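Predicted model, so just to flag it, every value in this text is computed and none were measured. Start at 1 and go down the list; that is how both ligands and their atoms are numbered. Position 1 is the first residue of the sequence; numbering continues from there.
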Amino acid sequence: MPPLATLRAPAKINLSLRIVGTRADGYHELDSLFLPVVGLCDTLEIHAGAAGAGCVVEPELPGVPLDKNLVYRAWAAFSRATGFAPDLTIRLTKRIPTGAGLGGGSSDAASLLLWLNAQARDKALAPAQLNTLAARLGADVPFFLLGGPALAGGIGEVLTPVELDLEGLVLVVVSPEVHISTPWAFAQWDARHSTTTPILYQEFLTSLETTHKRRISLLPAIVRNDFESLVFDAFPGLLTIKEELLRKGAVCAALSGSGASIFALFRELNVSIEAVTAMRASGLPVHSEALKHWGVAKW
Ligand code: C5P
């Protein structure tokens with residue numbers, strides 16, 4: 001039987017990630033610029049399931065029982081919220097490295113939510129309701145509902161779509177076989193910080209809008225990640241990768257999310273190819289793609 005649909009769930013990087021506050025519930029307020037990585041995707045093949053079977057996700061992810069699988073949790077949360085609960089078998093092909101700061105699980109969940117919402121007709125949720133439901137599944141899930149770059153505030157769910165002109169840049173993402181737990185990274189940050197830093201990026205992005213031609217040259221200034229020093233202390237090999245990418249000619253490089261992926265931006269394809277070749281030669285998984293001009297995503 002052909003699938004009902006095949007969904008592509010892209011990865012993301014955080015071009016910038018700053019932790020700007022702590023909430024009473026222990027979550028952290030962020031100021032982050034998210035970018036979809038459209039060439040690095042998981043796929044979800046959606047098949048009609050056996051009557052009454054609910055949602056089955058195949059294959060089972062190692063160490064992740066079904067009720068912890070974000071795809072299943074998205075189906076369960078959507079069906080509870082709307083009463084729309086189609087029986088589905090979902091074949092999930094993971095290409096986005098897990099525990100890598102690339103948002104794979106969150107993107108899988110968001111792509112299923114968007115598909116379910118499109119099928120739900122009169123039971124469909126309004127964008128704001130879908131956003132709230134997504135945020136309960138995980139702080140990164142709302143971003144993937146958008147389909148474009150966005151500035152994220154709150155715990156990641158307060159999103160401002162932005163226009164971002166990255167045409168002419170090549171993205172390289174190196175994902176070493178190191179899995180970093182996000183709660184661990186936030187706990188490390190808490191242990192080191194009693195005060196917070198001021199928010200700068202809203203101001204920065206406003207200036208981007210008026211100085212179109214200067215966007216790219218400004219990028220090195222925004223590419224930074226507040227997790228870096230603590231993650232690099234615990235995993236010095238990641239700092240070595242960042243330094244190597246810069247030595248090989250990257251304009252800028254940083255950790256994505258709480259790691260462990262390191263991304264870099266290059267201005268010249270040839271230079272990026274040399275860097276990718278060198279990284280792969282040392283056994284590291286690397287994704288690379290040419291970036292583009294992103295218009296403002298519409299909800
Ligand atoms: O929301 P998500 O499940 O992705 O978050 C995993 C963990 O990371 C949370 O339980 C929380 O400890 C931490 N977190 C946080 N502040 C955020 C996002 C996540 O403290 N903005």
Assess, by modelled atom type and distance only, whether the side chains of [X] and [Y] contain a donor and an acceptor separated by less than 3.5 Å.
X      : Y      : value
Arg91  : His47  : yes
Asp226 : His193 : no
Thr6   : Thr43  : no

Exercise. Hey, what do you get for CD1 (Ile13) to OG (Ser256), rounding to the nearest 0.5 Å?
Worked result: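 Going from the CD1 atom of Ile13 to the OG atom of Ser256 covers 6.0 Å.
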Exercise. Just how far is it from atom CG of Asp25 to atom NE2 of His28, taken to the nearest 0.5 Å?
Worked result: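 Here the rounded value is 10.0 Å.
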Exercise. Does Ser258 come within less than 4.0 Å of ligand 1, judged by its heavy atoms?
Worked result: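 Ser258 does not count as a contact of ligand 1 under the 4.0 Å cut-off.
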Exercise. Does ligand 1 have an atom that lies less than 4.0 angstrom from a heavy atom of Asp140?
Worked result: no
Report, in ascending order of atom number, the atoms of ligand 1 lying under 4.0 Å from any heavy atom of [X].
X      : answer
Gly26  : 20 (O)
Gly138 : 1 (O)
Ala139 : 1 (O), 2 (P), 4 (O), 18 (C)
Leu30  : 21 (N)
Thr182 : 8 (O)

Exercise. Do NZ/NE/NH1/NH2 and the carboxylate oxygens of Arg192 and Asp233 come within less than 4.0 Å?
Worked result: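 Result for this pair is yes, salt bridge flagged.
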Problem set entry | Residues Glu244 and Lys248 bridged, charged N to O under 4.0 Å | yes
Tell me: protein heavy atom nearest [atom], and distance?
atom                    : result
atom 19 (C) of ligand 1 : Phe186 CE1, 3.4 Å
atom 5 (O) of ligand 1  : Tyr27 OH, 4.0 Å
atom 7 (C) of ligand 1  : Pro183 CG, 3.7 Å
atom 20 (O) of ligand 1 : His28 ND1, 2.7 Å

Exercise. Is the centre of the Phe227 ring less than 6.0 Å from the centre of the Phe186 ring?
Worked result: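 Yes - the distance between ring centres of Phe227 and Phe186 falls below the 6.0 Å cut-off.
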Exercise. Any N or O on Ile155 sitting closer than 3.5 Å to an N or O of ligand 1?
Worked result: yes
